[in-house]
Amino acid sequence: MEQAGGVGSVGRVGRVGRVVVVGGGFSGLAAALALGRVGWDVRLVEARDRVGGRTLTRWLPDGTQLDLGAQWLGPTQDRMYALVAEYGLTTFPSAALGTPVLRWDDGLHPEPPEPTGRVLARLDALAARLDPTAPWLAAEAPEWDRLPLSGWLADAAGDPTAARYLGRLLAGGLLATGPDEISLLQMLFYLCSGGGSALLLGMAGGAQQDRVVGGPAALAERMAQRLAATAGPGALCLGAPVTVIAQDAGGVLVRTDRDAYPADVAVVAVAPALAGRIRYDPPLPALRDGLTQRMPMGSAVKVHALYPEPFWRADGLSGVGTSATGPVTETVDNGTPDSTRGVLTAFSYGDEARDLRRMSPDARRAAVLDALVAMVGPDAARPDGFVEYDWSADPYTRGCFCGVLTPGSWRGYGPALRPPVGRVHWAGTETAVGWTGYLEGAVRAGERAAAEVTAGTSEYR
């Protein structure tokens, strides 16, 4: 292989050593800052021309905040709340004034029919039997890993509409996939990681409880500013997609199209599907490489329909809704306290999201608005704005909310998810054991990778 820049002495030039972090989302920023605090010379390399990863905030001319990507915080997400406070930001509660709605095949219902709660309780009980650090070790893991969630739900619910609804709510709303695209084991791991279905699905008291004033992207920008202030302006390299990571006994060499960065160790803080597009020299071990081929990104369409005012509140509705049918699985009132605009945000997942993506923009808009009319009434047909962002088309994201293992993959490839490969360590929300797939998981995973690097300092010198 090409020698990694003669970097055997790199660590002795800096303070503790030199590290390159690949990826400027929350996981990469958390890793870089944590390593900088304990004396590492840090360089963070990000493909986009911005930090923040799967967060992105757009501002309307009237100052209304639209979060196009990840946006929520909730109870037990302690690291994110601590970072919000540390960097001088605040949160506000998600709008949920009024009654939620559920669209069933025969119309609107005030709450899900009986089988729903019973099935969720069974899933939570099974999830509680997992060790989130090694879900493949559960006694039932071979069976659970082979079984698609859709098959289990069909038996457990005993009603086709309830099974379909739960598949959309769980596989879609939590993982942005279809219930036939993930295994029961993947779903149970996710429930275990996030503290159970009530916490994951809830608004007030749940994972969708709060939003960040200015958007999570504002927090990422402040973290990047601190990194630049403490590690030097050259520590943050934007617009620099990594193409090659080489390593040998002397160190690592991280290459982009323009530059090469020698270091003692690298932290790769991007989703496995994207990490697999980097060329490694020597090649990754077969199981780690196989993992990247079996952990595709989810597929979601997130659309903001904008109105002069949140008309649904006058009708006693919260804007929060779920649907067992149609292209839209979920809606939320995404208004902000400092704006009088009505913002009704719709989510579509899996096959439904892919169907929408194939449509022309006008047809997609019409399909989404028809679904909103069915949820909150005819006034939804007349928005004065319609904003969508396709994360699957983003070349440095390729989907959302996160990467998920396909049926049959957890037992064979899950053990390769977190362990380092030589001098290359793995971060990213997919590698978290708590709040996987969320901003909280991203931060925890970055800090865990930083702790691994620090623990191995003597090996890298």
Side-chain angles (χ1 to χ4, degrees), residues 18-38 40-48 50-55 69-70 79-80 83 216-217 219-221 223-224 226-227 231 235-245 247 252 254-256 261 263-278 280 284 288 291-292 295 297 394 396-403 416-454 456:
R18 189 169 297 173
V19 58
V20 174
V21 177
V22 179
F26 275 85
S27 204
L29 288 165
L33 287 163
L35 287 165
R37 283 193 295 268
V38 295
W40 284 79
D41 288 337
V42 178
R43 189 179 297 270
L44 188 151
V45 184
E46 163 59 40
R48 301 176 180 87
R50 62 173 181 82
V51 295
R54 290 165 241 175
T55 65
R79 288 299 299 128
M80 280 298 297
L83 287 171
L219 174 58
E221 290 165 3
M223 294 170 72
R226 179 173 295 180
L227 178 65
L236 185 60
C237 307
L238 299 179
V242 169
T243 57
V244 180
I245 299 177
Q247 64 172 312
V252 299
V254 177
R255 287 191 175 277
T256 70
Y261 304 104
D264 295 293
V265 62
V267 175
V268 177
V270 299
L274 297 177
R277 299 183 180 194
I278 299 171
Y280 298 86
L284 292 177
R288 172 67 203 191
L291 172 87
T292 68
M295 204 168 191
M297 301 297 288
D394 185 315
Y396 304 118
T397 308
R398 308 312 299 183
C400 61
F401 310 124
C402 63
L417 180 59
R418 284 183 292 274
V421 175
R423 293 172 177 263
V424 178
H425 292 251
W426 312 107
T429 190
E430 288 82 4
T431 71
V433 297
W435 285 109
T436 309
Y438 289 75
L439 296 174
E440 175 76 12
V443 170
R444 293 190 194 185
E447 292 176 344
R448 183 262 309 150
E452 290 175 356
V453 170
T454 299

Query raised in the report: Taking it one step at a time, do V267 and E452 satisfy side-chain contact (heavy atoms from CB on, under 4.5 Å)?
Result: CA-CA 10 Å; V267 175; E452 290 175 356; over 6 Å; no

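Using a 4.5 Å heavy-atom threshold, the side chains of V268 and V270 count as touching. Side-chain contact check for V20 versus V252: every heavy-atom pair is 4.5 Å or farther apart. With contacts defined as side-chain heavy-atom distances shorter than 4.5 Å, the pair V51/M223 does not qualify. The shortest side-chain heavy-atom distance between Y280 and V421 does not fall under the 4.5 Å cut-off. Side chains of E430 and M297 form a contact here, defined as non-hydrogen atoms less than 4.5 Å apart. In this structure, C402 and T436 have side chains that are not in contact, with every pair of non-hydrogen atoms separated by 4.5 Å or more.
In this structure, A271 and R54 approach most closely via the heavy-atom pair CB-NH2, 3.7 Å. V42 and G36 get closest at one heavy-atom pair: CG2-N, 3.7 Å. Contact record, R48 with D394: NE-OD2, 4.1 Å, taken as the closest heavy-atom pair. Taking every heavy atom of both residues into account, P216 and A70 meet most closely at CG-O, 3.4 Å. Of all heavy-atom pairs spanning P272 and L417, the tightest one is CG-CD1, 4.3 Å. Annotation for G403 and M295: closest pair O-CE, 3.6 Å, computed over non-hydrogen atoms.
With sequence neighbours left out, the side chain to side chain donor-acceptor pair (under 3.5 Å) criterion links R43 to no other residue. Legend: residues meeting side chain to side chain donor-acceptor pair (under 3.5 Å) with T429, ordered by chain and number and at least two apart, are absent.
Using a distance-only test at 3.5 Å, with no hydrogens or angles considered, a donor-acceptor pair links the side chain of T243 to the main chain of R255. No side-chain donor-acceptor contact under 3.5 Å links R37 to the backbone of W40. Between the side chain of E440 and the backbone N or O of G434 there is no donor-acceptor pair closer than 3.5 Å. Distance alone, capped at 3.5 Å, places no donor-acceptor pair between the R444 side chain and the V433 backbone.
Atom CD1 of I245 sits about 4.5 Å away from atom CD1 of I278, to the nearest 0.5 Å. Annotation: the span from R18 atom CZ to Y261 atom OH amounts to 12.5 Å, rounded to 0.5 Å. With rounding to the nearest 0.5 angstrom, the OG1 atom of T292 is 10.0 Å from the CG atom of L274. Atoms CZ and OG1, from R50 and T55 in turn, are 6.0 Å apart once rounded to the nearest 0.5 Å.
Stacking of R288 on the aromatic ring of W426 is recorded, both the 6.0 Å distance cut-off and the 45° axial limit being met.
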Review item, side-chain donor-acceptor pairs of residues 23-34, under 3.5 Å, at least two apart:
{"from": "S27", "atom 1": "OG", "to": "G428", "atom 2": "N", "distance (Å)": "2.8"}
{"from": "S27", "atom 1": "OG", "to": "A442", "atom 2": "O", "distance (Å)": "2.7"}
{"from": "S27", "atom 1": "OG", "to": "G446", "atom 2": "N", "distance (Å)": "3.2"}

